[in-house]
Structure formats: C-alpha cells, structure tokens
Amino acid sequence: MKRYSPKDIEPKWQKKWADDQIYKADLGSSKPKYIAMSMFNYPSGNLHIGHAMNYTISEVKARFKRQSGYESYHPVGWDSFGLPAENRAIKAGISPQASMAELIPDYRNAYIAMGWSNDWSKEISTHDPLYYKWTQWIFSEMYRNGLAYQDSRMQWWCDKCQTVLANEQIIDGKCWRHEGIQDPIVQQKEVKQWFFKITAYADELLDAIDDLDWTESVKLAQANWIGKSKGAEIDFEIESRDKSHESRKITVFTTRPDTLFGATFLVLAPEHDLVAQITSNDQKTAVDEYVKASSLKSELERQSSKEKTGVFTGTYAINPINQAKVPIWIADYVLTGYGTGAIMAVPAHDERDFEFAQKYELPVIRVVKNNATDEECSHDEGVMMSSSQYDGLPSSDVREKIVADLEQKGVAIEKTNYKMRDWSVSRQRYWGAPIPIVYCQKDGAVLVPDAQLPVVLPELDDFQPSGDGRSALARATDWLQTTCPTCGGPAERETDTLDTYICSSWYMLRYFDPSNTEKIFDTAVANKWMPIDFYNGGDHATAHLLYARFVTRFFSKIGLVDDPEPFKQMLFNGKVLASDGTMFSKSKGNGIDPLEIINSGYGADALRTYLMFAAPLEFSPRWDPQGVPATYRFINRIWNLVQEYADTQDAQVQEAYAKKIRFSTHSMIKKVSEDLEGNRYNTAISAAMKCVNELYKLKTQHFGKSVVWQEALEAIVACSAPFAPHAMEELWQDLGHDSTVHIDTWPTHDEKYLQGDEVTIVVQVNGKLRANLSVASGASQEEVQTAALADENVQKHVGNKKPTKIIYVPGRLVNIVV
RNA sequence: GCGCAGGUGGUGGAAUUGGUAUACACGAGAGACUUAAAAUCUCUUGCCUUUACCGGCUUGCGGGUUCGAGUCCCGCCCUGCGCACCA
C-alpha cells in the first residue's frame, strides 16, 4: 500500500500545477468571478507563522471557489518600498534594490512550498518603476483635483527613523517601528509636507461603513478614527480693557450648546493664536511660563499626567446668551488641533471642566436637571434649568434651538468636526516613490508632466537620511538638478518620497492589469473584477484599510472604476501566539518557521490544516506543538482509506449501508460548504474529520469498488482539498481521475440523503432529560406522545401525576410538565 | 476612563429561531497488532455517587423571564482588543 509521504508528493504537485498553470486566472473568463486575497507582503525577512496564517485564510477561500465553478483569482504582490526594507538593507550593507532581489525569490519559494494557489503571471512589486509610475500618477491626479497640497506644519518626528510620521503611526507616543522601552518619544518638528485631503471624504467614508461586510471591530475603529461630532461654534466677545485689541472675540467649539448657560469660564489651548494678545500685564509672566512649559512637554507627558493644569489670562469674555462675564484661562487639556482650540467650560456637565473648576475654584452652574446629584458632574440629558426662556425644555431639543437663536444674531454657527486629519504623505527617506514635483525659483512647485513619469529613484551608494531632515536624495546632485517643465529654467526635484501607504492603497486594482504602461489599469476589466470579494489581514484596521477606501473612492469619482468601495468582505483575523500566550518576537527567538515544519516531514498540508483548525479565524490561537501531528494524522487517515479502497475488489453494498454512507457523506458536504462560505474553517474541518471517522466504522462491512463508496471518497477528498491540496490531488488521481481536483469538483449535497427513516426524540419531564426515543420520521404528535408516556423511565418520573401540559417540538423533543 | 468582544472539561474549542451542553481535536487511560518499540486500529474519558443501571451537579458570580436558558433580561466580577483630555 502506498504510504503518505508529503516530502515526495508536495514538490511533485507544485511543479505540475506550475507547469499546467492551473492557478492562472483568465480575467476575461465567462465563468462567474471570485477574487480572494490577503494584505500583501512587506518583505523584510523570512516567511513566518503569521504569514502562513494570513495567506492560508484567503487561499483556502480562493480554492473553495475555484472548485465551486468560479474563475477564482488569488493574486500575489510585494509591498516592497518602505522603511523596514531600507533599514534591513542599511544593516546588511547592500542597497534596498539588491536586498529585494534577495528576499523576494526566497518568499516566492516559500509561497510555493506552502502550496498557495497564487497566479504568478500577474505578480507585482511596488518598488518596480512600472508600478510606482502609477503611484506617482495618483499623486499628480490628486494634485490636479485639488486633493494634494503642501503645508508647513508641526509634524511628528521619529529621531530613529529620521522621518515624519502620520498620526496613525504613533503608538503610545512612540513611533510604530520604535515602540520599545529604550526608544525615543516622538517629537514635534516644523516640516514642509505634502498632504492628501482625506478629510474631504470624511463623511462619505463614514456613511459607507454601515454597508460593509467587515469584521465589526474594524468598522468601529474606522468610525472612531474619523470621529465625527456635530456641534456649534459660538463666539464670545472679549471684554476689552484696551481698545488696541485686534481681535474682539473668541470662537469656541462645543457639542453641547444646550449647556451654554452653564459656561462659567473659557479655556484656550496654550498654542492658541490669541493667547499673547489677550493676556493682561499682571498675568503675562505666569502665562508666558505656562506656554513655554507646555511646549517643551512631549505629547506623551501631556497625556499621561492626569492632573489638569492651567493659568488665568487676566481677561474676561462675555457669554453671548446672557452677557455673563466669564474668565478666560489657558490649559493644555484643550487641544490645539481640534475644533477651534478653544472651549467653553461647563463644569456641571463635563468631567474635564469639572475637574479643572474644582482645582481652581471656579463656579459650577447646573443647567440640566437629570439623575445626577448636585455635587456631581453629569453629561446626561435632562430638562433645562437656570436657562431663562429654555427652562423646562428637554436638553436634546434645546441643543438646536439655542444655536438657531444665536445664529440669528450672527454669533454662532452649526459645525461638524472630525478627529481625522489630512493624510501626510511625505517621507524623508530614500526607499519610496519620489514625489513627482520640481521646485522652480520662478514657478514654485510644479508637477512633473505625466509623460515624464516615472521619476525614477536613482541608485545610490549611501541611502542614509541626510541628517538635515531631508532624504538621501538630497545628495544625488545629478538627479536633483533638473529643468522646470513650465519655464525651462533650472529647478530642483522634491527630495521627499511618498508614504508607502499610497503604494498599498491601490495595488488590488493593479492586479487586474499589472503590465499596462499606458494606463494605471483597464477600467472595463477592473469593473468586472471589483470589488475584492474577500480580503483579510491581522493588522491595519485604520490606516491601510482607510487609505485604500479613500483612494478607491477617489478613483470612482474620476471615472476609473465604478464601485467606490474596494473590499466587499473583510475579515480581521487573529495572530498566532506563542505557546505561553505571548506574541512571537525576534528578540525572544521563539518564532515558528513554517518551512522547518514542512521539511520536518509533516508537510505543508498538515501545517495549513492545523492553522485553519486551531480556532475560529478571528481568534488568536496559541501555537500547539501537538497540533500539526494531529492534522497530519487526519490527512493520513483519508490517505489510508483511499489506498485501502483502491486495493479492494468490486463490492455489492447493501441498501441499508449505502444509506448510512450517503447520510454521512452528504451531511459533511453540506456542513463543509456552508462553513467555508461563512468563514468557519475550524468547524468545516471538524465536519470532515467526523465523516472520516464514520467511514472508518462503515468500511468494516461492504467495503469495495462501488458507486456509493466512490462517491463518498471523492466527496471527502474534494472537500478537504482546500486545506490539504497536495495530498488530496494525489488521492483524486488514485480514485481514477486524470484532471486536477482543484477546478470545478465541488460536490453538492442532496437533501434526500439527509432524511433518515427514524429520528431521535428527546423526552423531558419538567425540563429534565429522561429518555431518548427512536421514532419513525413521519410519526404524528399523538404517536410520539404516546410512546413518550409509555417509556419506563418517563413513567417513573411522571408517576401517577397527571400531565398539566405537554410541549412538542416536531422531530426534536417532548416535554411533559406535571 | 470610554467603546467593543468574550468568560463552556486537564487543553484548543462545538452547540440552527431558546430545545439532548461539552461536536471535532489534543492530552490521559486501556486493549489489539508486534520478538520489541514506533506507526496504525479499537474502546474509555465533564464532575460527584455507583460494580453497573439509576440518580444528582455543571457553561465566571448573583437574580429574573420561560414548560425549557451557554443562548434572552437586570446587577456584579474578570480577561482581551480598540480609542484615549476630540469639549
């Protein structure tokens, strides 16, 4: 009997599949399309167990659909620009280009060894000039549509990376690449930056979230990130002691205009423009000191110190609703970047204001009557009080009314604010797509004409940042010096490169037309294949997924693609954890190498099946050293079953056995199909295991060449093929096929085989299980009840009491209440 | 602090609309095959009581609704993730 040896069959089939190009997607196929993919790879080292997990998830989905009659496309690409790659190259003393030329082939081999069904004919790399030409073109297109602009502003700066960071790239006040204990806290630095105006799409991006079939937590994270809040801007006149004041008012943003009568002071952020102007002479020293101190504080310090601090400016403002005189303070708990950088403080109804008022003994006026006591602060809704003409009205109604009334006087306006900021896309690093801009003394910043794209990244010997805040490109003088496209005069290229999140925000579309040199991609093909049917990953809940949505939405507006949403279904999967429940890390050296497991003899099939079986895909399973041996045993059981069958003679299978075999097989087909569709891979695999166990019991009799056994074995082989593609391919051939198991072989279940002659009815007495009854499946309620009451054990518990009620659930249970 | 998700055997985890709690797997125990071991196959395995049957208990804790609750409702406790002074 042929033994199961992954070492021999896996490479054999990998070669055969490649030769036959069975995974090459025909984008013009007349079959229904399906595209499943995982977030593409950031090549920076070896394939690790996290990759194995992520990519197997979408790969199984792609295989399931390919077997089910779809033209299934499982693309592959490399997110090859970016810092980790550049840092690795610097460390290795080679260029990033050379580093990629080393890494990518290794990854390719690893992908093949995992048995992933990628279409290698359409492979892309973001560092390929053919690709980044279009990344640059997106910048130009954004610019032409008024969505890319340059601005000088304070930016987060990581000293280790020597580059600015987007808000999304800061974790606990540290750079996302340097969040260790010894790593520096990010600093603010004034830098001239290019931005994409993602805020212009804030509302659309938020509204569209509802309809996405995405992991709920990711949808929520995106909504939080966008952070929409409706409110009003209200003007407070500054009480003037000195006629020379340039500005006479302070505009505050509030989401609770209904509490305006309770505003007992104003607070400005220390960075607010008016601070110097309004500060009185006797408070000047204190204010100056406070402003200076808070500017030196890092964001982390500012956020970690719970204690609120502030200082009085010596000036007052007038509350527009009742002309009350309220003091103006400055405090760093008010953020400069949000709203107007100034708030009206309502200590009775805002916890932060309450805390501040307590500390500095400022008055507290309650204006909403709710369940809170007089001593505590509460933002709950209620009925207005101490609010003149609004008294007695519900606070939720007054919110709009008060703004409308003030709007008439021209001192307020309805306003919606967002937490989300524009996307900073400039990076002061070498390894990225150069921003297609030149600076001319006469014409300023000028776009490089499309005909001159790509602006090719020059090869350098030294690509360390220049240290003055500019990238290594600042030293590439030949490249740097150019001519102005507008006037032809001397000009200098932009030395910043584009954030790699731009590269990854549109790659899925390039998969449909990877070598087009005339256009970014063919719209007709993209419209046929978009949106991506299935997408998964264990990271980037906000940044990448938000940027990809933004860019796709932009593409739909300029007519490049119809659907504004790129990913129809998105599954945010868990990460494999070490056996002790902690994250795998390089420093701990506790990583699991997928190739090592494959080569140890267990093979890719057992590894893949284990990863998909260990837990639901959303969970983070702990690595179990017993796991792969267990799934190896499962595959081996299928293997031996098929081999044994191949060695049998023709057999007559009695009808009663045939029924049992079919019941087992068709239940399995149904369950596996539904579970694969619903991304419940772990229970799909357990259904296949259960079926195999049952077939093992059934094979002790009437086992042999027959239609019913052939069908059963083909079903178990086909249904296990997405998880264990190599072994199942071999077995498929052993069952007598010449063509591959991986295309158009998915079995369908027939309901008629799922109906048994008898059903098991559970009998309860007062809700407690007392008997199991086997009755004919067509039995009437009366028959079932009679049989139930006749049962010996049921009789014992009913005794001579008369049933007061009998609950009957057809085909399931009888509950006798006495 | 706020938001979200979740607490089920020794372990990972299953359980349609409320309807046999613990599927499947690991681990453990026993047996078969073998000179022996590995591999393979078969059986047992929530807890208590019992030779066995029978019975009792059990889904983080406490209540409630119901003929019936892992599932629904109320109040606690704990864990994980996300956001974090966004007015």
Side-chain angles (χ1 to χ4, degrees), chain A residues 3 172 215-225 227-229 231 252-256 259 263 267 302-306 308 331-335 337-346 349-353 355-356 379 417-421 541-542 572 574 579 581 609-610 613-616 618-627 629-631 633-634 636-637 640 671 674 680 682-693 696-697 700 760-773 793 796-797 803-818:
Chain A
R3 298 199 57 169
D172 289 338
T215 300
E216 214 51 38
S217 63
V218 175
K219 290 168 70 167
L220 217 80
Q222 296 223 340
N224 280 340
W225 189 264
K228 181 177 185 171
S229 57
V252 302
F253 174 72
T254 179
T255 55
R256 291 298 297 273
T259 63
V267 187
R302 239 168 108 157
Q303 286 179 8
S304 61
S305 64
K306 289 255 158 76
K308 293 205 166 23
D332 64 8
Y333 79 90
V334 173
L335 306 174
Y338 185 77
T340 59
I343 62 151
M344 62 178 215
V346 185
H349 304 292
D350 181 282
E351 277 172 39
R352 296 150 300 181
D353 298 342
E355 206 184 305
F356 194 80
H379 57 259
N417 271 324
Y418 300 88
K419 283 192 220 176
M420 185 169 70
R421 312 292 159 80
T542 46
F572 198 74
S579 307
T609 308
Y610 164 65
F613 177 63
E618 300 81 0
F619 287 27
S620 293
R622 293 184 184 196
W623 178 257
D624 178 1
Q626 313 281 2
T631 48
R633 271 199 289 277
F634 162 60
N636 192 37
R637 274 165 74 80
N640 288 341
K671 177 79 175 150
E674 285 172 358
R680 295 179 297 270
N682 59 329
T683 50
I685 293 166
S686 78
M689 287 172 165
K690 191 178 177 181
C691 179
V692 170
N693 291 346
Y696 260 70
K697 295 209 171 77
T700 56
T760 303
I761 302 278
V762 168
V763 185
Q764 299 179 330
V765 178
N766 289 337
K768 282 196 193 282
L769 176 68
R770 297 303 175 191
N772 282 311
L773 237 70
N793 201 40
K796 206 167 114 191
H797 286 91
T804 54
K805 197 174 180 183
I806 295 180
I807 312 286
Y808 176 65
V809 183
R812 280 191 170 273
L813 69 72
V814 175
N815 187 11
I816 300 159
V817 187
V818 292

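Chain letters run A, B, ... following the sequence lines, proteins first, then strands; residues in each count from 1.
- Remark: B:rU40 base-pairs with B:rA32. Criterion, Watson-Crick or G-U wobble with two distances under 3.5 Å.
- The separation between A:Lys768 atom NZ and B:rG56 atom C1' is 8 Å, rounded to whole Å.
- The pairing partner recorded for B:rU71 is none, the criterion being a Watson-Crick or G-U wobble arrangement whose two distances lie under 3.5 angstrom.
- A:Asp350 places no side-chain N or O within donor-acceptor distance of the main-chain N or O of A:Ala345, the cut-off being under 3.5 Å.
- Comparing B:rU58 with B:rG70, their P atoms sit 10 Å apart, to the nearest whole Å.
- Within 6.0 Å of the NE2 atom in A:His379, the count of heavy atoms belonging to other residues, nucleotides or ligands does not exceed 12.
- When the P atom is compared between B:rC47 and B:rG82, the two are found 37 Å apart, to the nearest whole Å.
- Regarding A:Gln222, its CD atom lies at a distance of 18 Å from the P atom of B:rC4, rounded to whole Å.
- Look at CZ on A:Arg3: it is 15 Å from P on B:rA38, rounded to the nearest Å.
- A:Tyr333 has no side-chain polar atom (N or O) that falls below the 4.0 Å cut-off from OP1 or OP2 of B:rA87.
- Shown here, B:rG9 is classed syn by the O4'-C1'-N9-C4 or O4'-C1'-N1-C2 angle, which is within 90° of 0.
- For the residue pair A:Gln222 and A:Thr542, the shortest heavy atom distance occurs at NE2-O, 3.8 Å.
- The side chain of A:Tyr696 approaches B:rU42 more closely than any other nucleotide in the set B:rU42, B:rC85, B:rA39.
- In a base pair of the Watson-Crick type (N1 to N3 plus N6-O4 or O6-N4) or a G-U wobble (N1-O2 and O6-N3), with each distance short of 3.5 Å, B:rU65 is matched with no nucleotide.
- A:Thr683 and A:Arg680 get closest at one heavy-atom pair: OG1-O, 3.1 Å.
- Distance alone, capped at 3.5 Å, places no donor-acceptor pair between the A:Thr215 side chain and the A:Ser217 backbone.
- Spacing between atom CZ of A:Arg770 and atom P of B:rG68 amounts to 14 Å, rounded to whole angstrom units.
- Positionally, the nearest nucleotide of RNA chain B for A:Leu220 lies more toward the 5' end than for the other of A:Leu220 and A:Tyr418.
- On a pure distance criterion of 3.5 Å, no polar donor-acceptor pair joins the side chain of A:Lys796 and the base of B:rC54.
- Remark: side-chain polar atoms of A:Tyr696 are paired, donor with acceptor, to backbone N or O of A:Arg637 under 3.5 angstrom.
- Comparing B:rC76 with B:rC4, their P atoms are spaced 15 Å from each other, to the whole Å.
- Under the Watson-Crick and G-U wobble criteria, each requiring two contacts below 3.5 Å, nucleotide B:rU20 is left unpaired.
- Among the protein residues, A:His379 comes within range of no part of the nucleic acid, since none of its heavy atoms lies under 4.0 Å from any strand.
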- Under a 4.0 Å heavy-atom criterion, the protein footprint on nucleotides 12-27 of chain B, written with B, S and -, is BSS-B--BB--BBSSS
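- With both pairing distances under 3.5 Å, B:rU79 is matched to B:rA5 as a Watson-Crick or G-U wobble pair.
- With hydrogens and angles disregarded, a donor-acceptor distance shorter than 3.5 Å links the side chain of A:Ser579 to the backbone of A:Trp623.
- Nucleotide B:rC26 forms a Watson-Crick or G-U wobble pair with B:rG10, both donor-acceptor distances falling under 3.5 Å.
- Of the side-chain N and O atoms in A:Thr804, none sit less than 4.0 angstrom from OP1 or OP2 of B:rC67.
- Rounding to whole angstrom units, CD of residue A:Glu351 and C1' of B:rA87 are separated by 12 Å.
- With both ends at atom C1', the span from B:rA15 to B:rA21 equals 7 Å, rounded to whole Å.
- The partner of B:rU50 is absent, by the rule that a Watson-Crick or G-U pair needs both atom distances under 3.5 Å.
- On the C1' atoms, B:rG13 is 13 Å away from B:rG7, given to the nearest whole Å.
- Going from atom CG of A:Asn417 over to atom C1' of B:rA87 covers 10 Å, rounded to whole Å.
- Look at the C1' atom in both B:rG56 and B:rG60: the space between them is 22 Å, to the nearest Å.
- Here the shortest heavy-atom pairing between A:Phe253 and A:Ile343 reads O-CG2, 4.3 Å.
- For the pair A:Met420 CE and B:rC83 P, the interatomic distance rounds to 15 Å; values are reported in whole Å.
- Between the P atoms of B:rG62 and B:rC67, the separation comes to 23 Å (whole Å).
- Atom CG of A:Leu813 sits about 12.5 Å away from atom OG1 of A:Thr760, to the nearest 0.5 Å.
- In this structure, OH in A:Tyr333 is found 9.0 Å from CD in A:Glu355, a value given to the nearest 0.5 Å.
- For the P atoms, the distance from B:rG29 to B:rG80 is 33 Å, rounded to whole Å.
- Residue contacts for A:Asn793: at a heavy-atom cut-off of 4.0 Å it reaches the sugar-phosphate backbone alone, with no base atom in range.
- At whole-Å resolution of the value, CD in A:Glu618 and P in B:rA5 are 13 Å apart.
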